[in-house]
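Working notes for the structure below.
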Amino acid sequence: MTSSLFRGRPRRATAHIRVRVAHAVLGALVGAGWLVLPVMTVDTRDPVPVAPAGAVASAAASPQAGTSAADLVLPLVAGVAAVALAGFGWLRRTRRARTRTTPGTVPAHPPVPAPAASERQARAALRLADDCVRTSREELSFVRERFGEQRTEPFTHALRAAGTELSAAFAVWRRYEEGVPQEAGARRQALAGVIGRCAEAGRRLDAQAEALDRLRDLTADGEGMRAALEVAEERFRELAARAMAAQRTLGALRERYARSVAGSVSGYVEQAKDRLVFAGARLNEARQAADVGETRRAAWQLRAGEGAVAQAGVLVGGVERLAAQVREAAGLVPAALTGAEAELAAARRTAPSPGEPEARQAEVRRESGRGSPAPGEPVARSAHVDGVLAVVREELTGGPYDPLDALRRITRAVERLTGVRSGVLGAAALLVARSSVAGAEEFVGVHRGAVGAEARARLAEAARELGAGSAGWADVVAGEARRLADRDVRAHGTEGDATGPAGAVLGGILLGEDPDGGPPPAFGGPQTRSRLHR
């Protein structure tokens, strides 16, 4: 279906052509009238008042007879000229209308956007929509803390709907990256679908932005601003204490376990402290601006402070989360070893002996519920599991080790052997996957100013796989997401250690539109997220 904007242009072009044709017909009629008028008067007896008979009348008779041919030729020439000029104008206008590429005319077959351009547009749309969802979630956490679940339900619903649209867009994009679909037209439609879903996610948030501003009431009489500052400052003080405890927790992890344990949260405490320093300065400025009635500047500084506090919470929470999961993993390792040994023994019992008949081999595999591996594979895989278990036992008794990595190696080796995970091994695989997905989510969230669409798409896929119960694949994809995000941050030139306003831009706390970092994003989609700038 063609839009009304496009439909209107061809009609205007047609109207111009009709005016030209009308001019041509009018000119032809005038010329014809000029031509016919003398002919109509030739046979009239008294076309003009009769002069008195005499010499004067006789003298006038000769000139009239002599000029009658000119009276016929001149109108004919004028008519032909008018028709020729009108025809030339019409042809010139038609030719220009067919060939021009200016916005005044829409071609009959508009050019199809290049795939590379559509892909860039889709990447940008995914990144923007993801940023909008993350920022909206951060601000809504402060609003919910003040007003409660019931009064913030419309915003929670909009955020949930936007997240659903974004997740679907990431799923389509991921299939597109994998080459599905293959037909060129279908691939263009897939990209259009990605862009459309991202736009819908933004629209959902844009629709609630004004209502959230009314609820917060940051620019009316000052009461809303003071209440919002109290919420942010209370969370700030809580996080300052937690950051000191997180530093001690991280030190304990490094002393007790292998260095790789703390690698995923390396620098988190330092970054959290920097975010808190930034947040403290912005919240102080917001209070000062509110005291003198500069509500616009106060709202700007408040949102920047809230964003920094929220990210400090993510960083501190990442250290706390890792410590808890490492302790849980350390408790699971002995049980996982026992479970893996049982699976290995069962696999060896059901493995066919070389001289056993093929029918008996199939019956044994069917009774045990196991698949049919290729010849030679069971022996090699059993040997691999034996080796992994031996190394893990040696690490347990020989010195510091990484419990999460130990569980990962155990569960992956057993899955290659049996194809299934159950009992303690299933719980171990789920713990490892949850840790990987959470770590990637934290890293992307606090570095989103530099992380591109590919890493975000992998993270969304990992979250989907974890929700679907595919713990092993979720762990693998989350690792890919983290590596891609780390690559993007390094390419950005900061390696995650930017501080002050530069760190705030890297984290998406400020939009980076001005030399001082620009405005802070707020709850909303692309149309409303930067409304504090206006």
Side-chain angles (χ1 to χ4, degrees), residues 1-6 113 117-144 147 149-176 187-219 299 303 306-307 310 441 444-445 448-449 451-453 456-457 459-461 463-464 508-513 518-534:
M1 182 178 294
T2 308
S3 68
S4 59
L5 175 62
F6 289 160
S118 297
E119 288 179 7
R120 285 193 299 270
Q121 187 178 359
R123 288 191 188 95
L126 286 168
R127 184 173 176 177
L128 178 57
D130 191 48
D131 281 348
C132 289
V133 168
R134 292 176 182 276
T135 298
S136 299
R137 185 183 300 123
E138 288 176 357
E139 183 174 359
L140 185 58
S141 68
F142 290 91
V143 180
R144 187 183 295 115
F147 294 100
E149 295 285 347
Q150 185 174 359
R151 296 187 66 183
T152 57
E153 175 57 29
F155 313 112
T156 303
H157 177 74
L159 183 59
R160 190 181 302 118
T164 300
E165 293 289 344
L166 179 61
S167 178
F170 272 126
V172 174
W173 171 256
R174 188 70 186 99
R175 290 195 296 271
Y176 179 89
R187 289 180 68 78
R188 288 195 298 270
Q189 290 296 325
L191 291 176
V194 169
I195 297 169
R197 286 190 177 273
C198 290
E200 178 62 16
R203 188 195 66 78
R204 298 272 188 158
L205 297 173
D206 283 328
Q208 292 294 332
E210 184 178 352
L212 185 132
D213 287 346
R214 287 197 302 268
L215 179 64
R216 300 202 76 181
D217 195 21
L218 299 180
T219 58
R303 274 300 305 132
E306 287 177 341
E441 171 66 31
V444 171
R448 61 178 177 261
V451 177
R456 300 179 195 230
L459 177 56
E461 181 183 2
R464 288 194 306 273
I509 299 168
L510 301 177
L511 293 177
E513 297 175 355
F523 182 101
Q527 302 300 320
T528 57
R529 68 191 298 252
S530 59
R531 59 188 177 276
L532 293 178
H533 191 271
R534 297 190 292 269

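Treat the numbers as computed from the prediction; the structure is a model and nothing was measured.
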Using ring-ring contact (aromatic ring centres under 6.0 Å, His included) as the criterion, list what pairs up with Phe142, not counting sequence neighbours. none

Checking the side chain of Arg134 only, and the main-chain atoms of Asp131 only, is there a donor and an acceptor separated by less than 3.5 Å? no

Using a 3.5 Å distance criterion without hydrogens, assess whether the side chain of Arg531 forms a donor-acceptor pair with backbone atoms of Glu210. no

Could you give the distance from [atom1] ([X]) to [atom2] ([Y]), rounded to the nearest 0.5 Å?
X      : Y      : atom1 : atom2 : result
Ile195 : Gln121 : CD1   : CD    : 3.5 Å
Glu441 : Leu459 : CD    : CG    : 5.0 Å
Leu205 : Ser136 : CG    : OG    : 4.5 Å
Arg529 : Thr135 : CZ    : OG1   : 5.5 Å
Asp130 : Arg127 : CG    : CZ    : 10.0 Å
Arg188 : Ser118 : CZ    : OG    : 8.5 Å

For residues [X] and [Y], report the shortest heavy-atom separation together with the two atoms involved.
X      : Y      : value
Cys198 : Ala129 : CB-CB, 4.0 Å
Leu215 : Phe147 : O-CZ, 3.2 Å
Asp206 : Gly525 : OD1-N, 2.8 Å
Val172 : Ala190 : CG1-O, 3.7 Å
Gln150 : Pro154 : O-CD, 4.4 Å
Arg448 : Gly508 : NH2-O, 4.0 Å

Chi angles and distances behind the salt bridge (charged side-chain N to carboxylate O under 4.0 Å, His left out) call for Glu165, Arg203: CA-CA 11 Å; Glu165 293 289 344; Arg203 188 195 66 78; over 6 Å; no

Residue pair Arg456 / Arg123, side-chain heavy-atom distance below 4.5 Å: no

Flag side-chain contact, heavy atom, 4.5 Å: Leu166 against Phe170: yes

Check: Trp173 ring centroid to Tyr176 ring centroid under 6.0 Å: yes

Under the criterion salt bridge (charged side-chain N to carboxylate O under 4.0 Å, His left out), I'd like the reasoning laid out for Glu461 against Arg175: C-alpha separation, chi angles, the key distance, then a yes or no. CA-CA 10 Å; Glu461 181 183 2; Arg175 290 195 296 271; over 6 Å; no

Got a sec: does the CD of Glu153 have more than 12 other heavy atoms crowding it under 6.0 Å? yes

Test applied, side-chain contact (heavy atoms from CB on, under 4.5 Å); reference residue, Pro521; option that passes from Thr528, Leu511, Ile509, Leu532: Leu511

So which of Arg303, Arg216, Glu139, Glu138 actually passes side-chain contact (heavy atoms from CB on, under 4.5 Å) with Phe523? Glu139

Steps toward side-chain contact (heavy atoms from CB on, under 4.5 Å) verdict (Asp213, Leu218): CA-CA 7 Å; Asp213 287 346; Leu218 299 180; 6.0 Å; no

